[in-house]
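Note that the structure is a prediction, hence the values are computed from the model and not measured. Below, all heavy atoms of this structure are taken into account, side chains as well, without hydrogens, waters or symmetry copies. Ligands are counted one by one from 1 in listed order, and the atoms in each one are counted from 1 as well. Count residues from 1 along the sequence.
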Amino acid sequence: MSITEFASLQHYNTLALEARARALAQVCQSADLAAACAWARREGLPLVPLGQGSNIVLAQDLDALVVLMATRGVDILSDGSDEVLLRVAAGENWHELVQWALVKGLYGLENLALIPGTVGAAPVQNIGAYGVELASMIEAVHAHVIDDDTRLVLSRDDCAFGYRDSVFKHGLRDRVVITAVDLRLSRRPRLQLDYPALAQGLRSARVVSPTPIDVFNAVIRLRRSRLPDPAVQPNAGSFFLNPLVSMEQAEALAARFPALPMYAQTDGGIKLAAGWLIDFCGWKGYRNNNLGIHPQHALVLVNYGNDSGRQLLQLAETVAQSVADTFGVQLVIEPRVYGE
Ligand SMILES: Cc1cc2nc3c(=O)[nH]c(=O)nc-3n(C[C@H](O)[C@H](O)[C@H](O)COP(=O)(O)OP(=O)(O)OC[C@H]3O[C@@H](n4cnc5c(N)ncnc54)[C@H](O)[C@@H]3O)c2cc1C
């Protein structure tokens with residue numbers, strides 16, 4: 001494993017923000033990870049694991065050893081007539097895994113097609129899309145403790161998954177590197193078609209009895225039509241979480257804004273669509289020099305050529321403030337911000 005000091009991270013975050021890491025290393029096998037942890041301890045530096053940098057905002061240089069997780073491999077742990085248990089290395093590309101599973105006739109991941117990033121980062125925010133969350137397929141998460149090189153195996157319950165949330169954003173934040181994820185997939189299609197845009201997408205494609213491959217293709221069409229490709233227009237996907245409000249707050253908002261979409265949650269709360277709130281405030285398509293809000297997707301902040309994470313965060317703050325002023329709802333940034 002080689003370590004590069006004072007390395008640019010501009011090519012390692014999908015917002016293409018310029019920031020330098022005090023040191024950068026690529027981890028291709030578990031021995032590299034132990035060596036990287038030892039190096040960081042010797043230098044007195046924190047260690048920051050990165051996948052593809054599709055859910056981070058770099059607001060300043062990182063005085064840390066940044067470790068790019070590039071371990072590969074998919075092992076079949078058990079192969080039953082109904083279900084298959086896989087162990088997938090952290091550095092595997094998420095979308096390639098979804099494709100691989102479909103080709104093997106292993107189902108459950110179709111709705112999560114084309115989400116950028118690595119398998120190791122996926123449990124951190126319990127990736128979700130089109131009515132499915134990763135948590136429903138996770139059997140266990142394997143992690144390496146940065147401070148003492150011990151190994152943890154966390155069950156699904158241990159991971160405390162929630163909406164874009166997990167223990168890796170709380171108790172285990174900055175303490176572990178996820179090394180592998182065990183996923184239980186089905187040999188029988190178990191389609192999840194409740195999400196209205198997905199059902200509509202299948203109808204538009206005149207698919208009457210969808211297969212998992214139809215769902216996979218419909219999700220890809222939808223995502224390509226709505227979300228900018230970070231390689232062309234640097235972005236981090238949805239920049240804000242959908243806010244959760246109480247029933248009382250939702251009723252008060254519904255009286256003032258009858259068209260405001262609301263989604264009832266199992267805990268009695270109500271989820272609002274952050275994109276709708278931002279769009280209502282007139283931000284969709286906003287552009288100021290090298291920063292803007294995507295013209296088709298009000299939740300996506302686009303970097304048209306700006307280097308500075310701080311400027312991007314200033315725009316995010318202005319957007320959030322206008323939503324707070326209009327609706328009394330506080331938006332929370334989804335990507336992890338480094339160097340606020
Ligand atoms: C265009 C676009 C669309 C998106 N759509 C969706 C979507 O539909 N649904 C969704 O949920 N997300 C979406 N995202 C967000 C993003 O794709 C996911 O959060 C993804 O899981 C991030 O993977 P990554 O490898 O890029 O993580 P990174 O951005 O590299 O890291 C994100 C965080 O996880 C930590 N981390 C990374 N790897 C590890 C590891 N091995 N161990 C411990 N911590 C780790 C990092 O330290 C960092 O804090 C989208 C992003 C983009 C750019």
- Task: From atom 6 (C) of ligand 1, work out which of Arg173, Arg223, Arg175 has a heavy atom at the shortest distance.
- Result: Arg223

- Shortest reach to atom 50 (C) of ligand 1 by a heavy atom, considering only Ser238, Pro116, Gly51, Gly120: Pro116

- Interatomic distance, CD@Gln314 vs CG@Leu291, rounded to 0.5 Å, equals 9.5 Å

Closest non-hydrogen protein atom to [atom], residue and atom name please, with distance?
atom                    : answer
atom 10 (C) of ligand 1 : Gln125 NE2, 3.5 Å
atom 29 (O) of ligand 1 : Asn55 N, 2.8 Å
atom 25 (O) of ligand 1 : Thr118 OG1, 2.7 Å
atom 42 (N) of ligand 1 : Ile178 N, 2.7 Å
atom 36 (N) of ligand 1 : Pro49 O, 3.8 Å

- Decide yes or no on ring-ring contact (aromatic ring centres under 6.0 Å, His included) for His294 and Phe239, but give the supporting numbers first. CA-CA 11 Å; His294 195 262; Phe239 204 83; over 10 Å; no

- Looking only at heavy atoms, is any part of Tyr338 under 4.0 Å from ligand 1, and if so is it the side chain, the backbone, or both, or is it neither? side chain

- Query: What part of Gln52 sits under 4.0 Å from ligand 1 if we count only heavy atoms: the side chain, the backbone, both or neither?
  - Reply: both

Which atoms from ligand 1 have a heavy atom of [X] less than 4.0 Å away?
X      : value
Ala129 : 8 (O)
Leu50  : 30 (O)
Val176 : 43 (C)
Gly53  : 26 (O), 28 (P), 29 (O), 30 (O)
Ile127 : 11 (O), 18 (C), 21 (O)
Gly117 : 23 (O), 24 (P), 25 (O), 26 (O)
Gly128 : 7 (C), 8 (O), 9 (N), 10 (C), 11 (O)
Arg336 : 49 (O)

- Message: Using a 6.0 Å distance limit plus a 45 degree cone around the ring axis, check whether Arg173 lies over the aromatic ring of Phe168.
- Response: no

